[in-house]
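Just so you know, these numbers use all the heavy atoms, side chains as well, and skip hydrogens, waters and symmetry mates. Within every chain, numbering begins at 1; the chains are lettered A, B, ... in the order of the sequence lines, protein sequences first and strands thereafter.
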There are 2 protein chains.
Amino acid sequence: MLKHLSFTSSNKKMISQAEENYLKAIYKINEREGKSANTNAISAAMNTTAASVTDMLKRLADKDFIHYEKYKGVTLTTEGSRTATALVRKHRIWEVFLCDKLGYSWDECHDLAEQLEHIQSPDLIDRLDTFLGKPKFDPHGDPIPDRDGNYAKRQQVRLDEMLIGDRGVMVGVHEHSSAFLQHLDRVGLVLAVQVEVLEVFDFDKSVKIRLNGLQELLISNKVSENVFIKIA
Amino acid sequence: MLKHLSFTSSNKKMISQAEENYLKAIYKINEREGKSANTNAISAAMNTTAASVTDMLKRLADKDFIHYEKYKGVTLTTEGSRTATALVRKHRIWEVFLCDKLGYSWDECHDLAEQLEHIQSPDLIDRLDTFLGKPKFDPHGDPIPDRDGNYAKRQQVRLDEMLIGDRGVMVGVHEHSSAFLQHLDRVGLVLAVQVEVLEVFDFDKSVKIRLNGLQELLISNKVSENVFIKIA
DNA sequence: ATTTTTTTTTAGACAAGTCTAAAAATTGTT
DNA sequence: AACAATTTTTAGACTTGTCTAAAAAAAAAT
């Protein structure tokens, strides 16, 4: 009788960890692509087969978390969107806790937060939020939704879109892989650092920048297109 | 292919949340009763049927977590015991976090810790332990095992075993229900309070005690047999 | 020592979440 | 427009963890 689900006793609609993970994946694809998520995209994101995705989409549609029409891809309903946003909120708040309080680095905290985001207790996450000083951004610079799911979009540009002489502050990353984050750590291109564009090389789209008004650094396009800067 | 288990990628033996909960229940029964746990006792503790317990015992025996012989009850193997102790450690450390850092009361923290104890990361719990100042006891006075599973047994007696004139400090509870803990809060019989036995009434086994050398209090046997005191 | 009661196990079923292989629908190409 | 390629769905199967009902074993009572 559904004893193995996350919830044990609640009047809210039951939702399993697997269902939550699918909702989050759909939410991200919807956001990133700006359109309905198709089966293959979801199976790629979730590391499952297309068949499994179809099964899950039926379940999620039954529970009114998604709008689903065969062969047409899916979008989230209001409730699905609310649930996904709450997950993102939990994930990012736990990441702040792991980094600020337990000393994890920004490339380590993601995997642990993937587990912690499934803890069921709206009250817990609000208390944790207060304990951490109601942070607005997670350790990667991604904005943390408030209890109602709202969050301010940052005024940001990609580093590769900046022109010579532009200045700003590093506020986030697009790519979130450990390898990329560790590379940024090594070269000193971390959150809150001041960035000034000194030169742009058309040949390979690399850019020379100055960090905190001190050391100069040559950045490849692969890096610059994944770094967000808030223009001063 | 076992994607829905807690673990996703690890060389350690896979163990599901349900399996963990059974191990913990068996561990507690073994400890409390001082003998092998029988099927009915486990089904009562887990709120499942005897049939479900039998199924699970077979699985746990296959994985070498328990010694199981039909109709004979079960005990934990070395590995089962190690796993159960690690769970108790995680549970109690999370309880300290919830109470000390997030302001939960000792009757609220248990249920949340039941969820958090299943987070898979030995490193996380060690960091949390350090963050909290390596506490030796949880908010109910129960000892926290160290990384190797060792913990000091407290030198304690039940309040109903004390004699007139005995003094000591409240260090723990046997019963852990919310109702009981909230009652203790209301009468002021909380962790670390000084207790002196003033009178013992044979009729109903109630005791009159003095708290912190100040107010006097009459305690029923139902309460006194569930309160642990460390004799001064 | 039998019979009765209690405990435990077996048997068969179900839902969630996954898979592979094959069929159907959609999209792209000539 | 017809054929080919891709995407998506269906069909059937498997594991975990649960259940109820019935059978078997062990314990208790006469």
Enquirer: Cationic tip of Lys101(B) within the cone over Phe131(B)'s six-membered ring, i.e. under 6.0 Å and within 45° of the normal?
Expert: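 Positive - Lys101(B) is close enough to the ring of Phe131(B) and near enough to its axis.
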Enquirer: Specify the separation, in whole Å, of atom CG of Asn40(B) and atom P of dT6(C).
Expert: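 After rounding, the gap between these two atoms is 12 Å.
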Enquirer: Take the protein atom NZ of Lys63(B) and the nucleotide atom C1' of dG17(D), then report the distance between them rounded to whole Å.
Expert: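 The answer, rounded to whole Å, is 12 Å.
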Enquirer: Of all heavy-atom pairs between Asn30(B) and Ala37(B), which one has the smallest distance, and what is that distance?
Expert: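 Scanning both residues, the minimum pair turns out to be ND2-N, 3.2 Å.
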Enquirer: List the atom of Glu79(A), the atom of Phe65(A), and the distance in Å for their closest heavy-atom pair.
Expert: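 For Glu79(A) and Phe65(A), the tightest heavy-atom pair comes out as OE2-CE2, 3.6 Å.
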Enquirer: How close or far is atom P of dG17(D) from atom CE of Met14(B), stated in whole angstroms?
Expert: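 My rounded result for the distance is 11 Å.
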Enquirer: Look at the rings of His174(A) and Phe228(A) and say which category their plane angle falls in: under 30° parallel, 30 to 60° tilted, over 60° perpendicular.
Expert: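 His174(A) and Phe228(A): perpendicular rings.
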Enquirer: Base, sugar-phosphate, or nothing: which does Thr39(A) touch, judged by heavy atoms less than 4.0 Å apart?
Expert: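 Sugar-phosphate contact only.
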Enquirer: Given dT9(C), dG17(C), dT9(D), which nucleotide is nearest the side-chain atoms of Ala18(A)?
Expert: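 Side chain of Ala18(A) sits closest to dG17(C).
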Enquirer: Taking 4.0 Å as the cut-off, does a side-chain nitrogen or oxygen of Asn38(B) come that near to OP1 or OP2 on dT8(C)?
Expert: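 Indeed, a polar side-chain atom of Asn38(B) lies that close.
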Enquirer: Does the distance from a Lys or Arg side-chain N to an Asp or Glu carboxylate O, for Asp126(B) and Lys90(B), drop under 4.0 Å?
Expert: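 Salt bridge between Asp126(B) and Lys90(B), a charged N being under 4.0 Å from a carboxylate O: no.
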Enquirer: What is the distance, rounded to the nearest whole Å, between atom CE of Met46(B) and atom C1' of dT16(D)?
Expert: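 Atom CE in Met46(B) sits about 14 Å away from atom C1' in dT16(D).
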Enquirer: Measure from CG on Leu60(B) to C1' on dT16(D) and round the result to the nearest Å.
Expert: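 Computing the Leu60(B):CG to dT16(D):C1' distance gives 12 Å.
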Enquirer: Categorize Asp55(A) for me: base, sugar-phosphate, or nothing, with a 4.0 angstrom heavy-atom threshold over every strand shown.
Expert: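 It contacts base atoms.
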Enquirer: When the distance from CZ of Arg59(B) to P of dT18(D) is rounded to whole Å, what number comes out?
Expert: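 After rounding, the gap between these two atoms is 8 Å.
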Enquirer: May I have all residue pairs that pass salt bridge (charged side-chain N to carboxylate O under 4.0 Å, His left out) and include part of residues 103-118 of chain A, sequence neighbours excluded?
Expert: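 Those involving residues 103-118 of chain A are Lys24(A)-Glu114(A), Lys24(A)-Glu117(A).
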Enquirer: How would DNA chain D look in dot-bracket form, 5' to 3', counting Watson-Crick and G-U wobble pairs with both distances under 3.5 Å and writing | for bases paired to another strand?
Expert: ||||||||||||||||||||||||||||||
Enquirer: Check this for me: does any side-chain nitrogen of one of Glu161(A) and Arg158(A) sit under 4.0 Å from a carboxylate oxygen of the other?
Expert: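 Yes, Glu161(A) and Arg158(A) are salt-bridged.
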Enquirer: Report all interatomic pairs (protein N or O, nucleotide N or O of nucleotides 21-27 of chain C) with separations under 3.5 Å.
Expert:
residue : atom : partner  : partner atom : Å
dA25(C) : O4'  : Tyr71(A) : OH           : 3.2

Enquirer: Could you state the CE-P distance from Met56(B) to dT9(C), rounded to the nearest angstrom?
Expert: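 Result: 15 Å.
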Enquirer: Nearest whole Å is fine: how far is dA25(D) P from Glu69(B) CD?
Expert: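 Spelled out: CD on Glu69(B) to P on dA25(D) is 15 Å.
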Enquirer: Kindly confirm or rule out a cation-pi arrangement of Arg92(A) over Phe137(A), judged by NZ or CZ under 6.0 Å from the six-membered ring centre and within 45° of its axis?
Expert: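 No cation-pi geometry.
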Enquirer: Tell me whether the OP1 or OP2 atom of dT18(D) has a side-chain N or O from Ser52(B) closer than 4.0 Å.
Expert: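 Indeed not, no polar side-chain atom of Ser52(B) lies that close.
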Enquirer: Charged N to carboxylate O under 4.0 angstrom, Glu225(B) versus Lys205(B)?
Expert: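 Not counted as a salt bridge, because no side-chain N and carboxylate O are separated by less than 4.0 Å.
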Enquirer: Among dT18(D), dT18(C), dT9(D), find the nucleotide with the atom closest to the side chain of Tyr22(B).
Expert: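 The nucleotide sitting nearest to the side chain is dT18(D).
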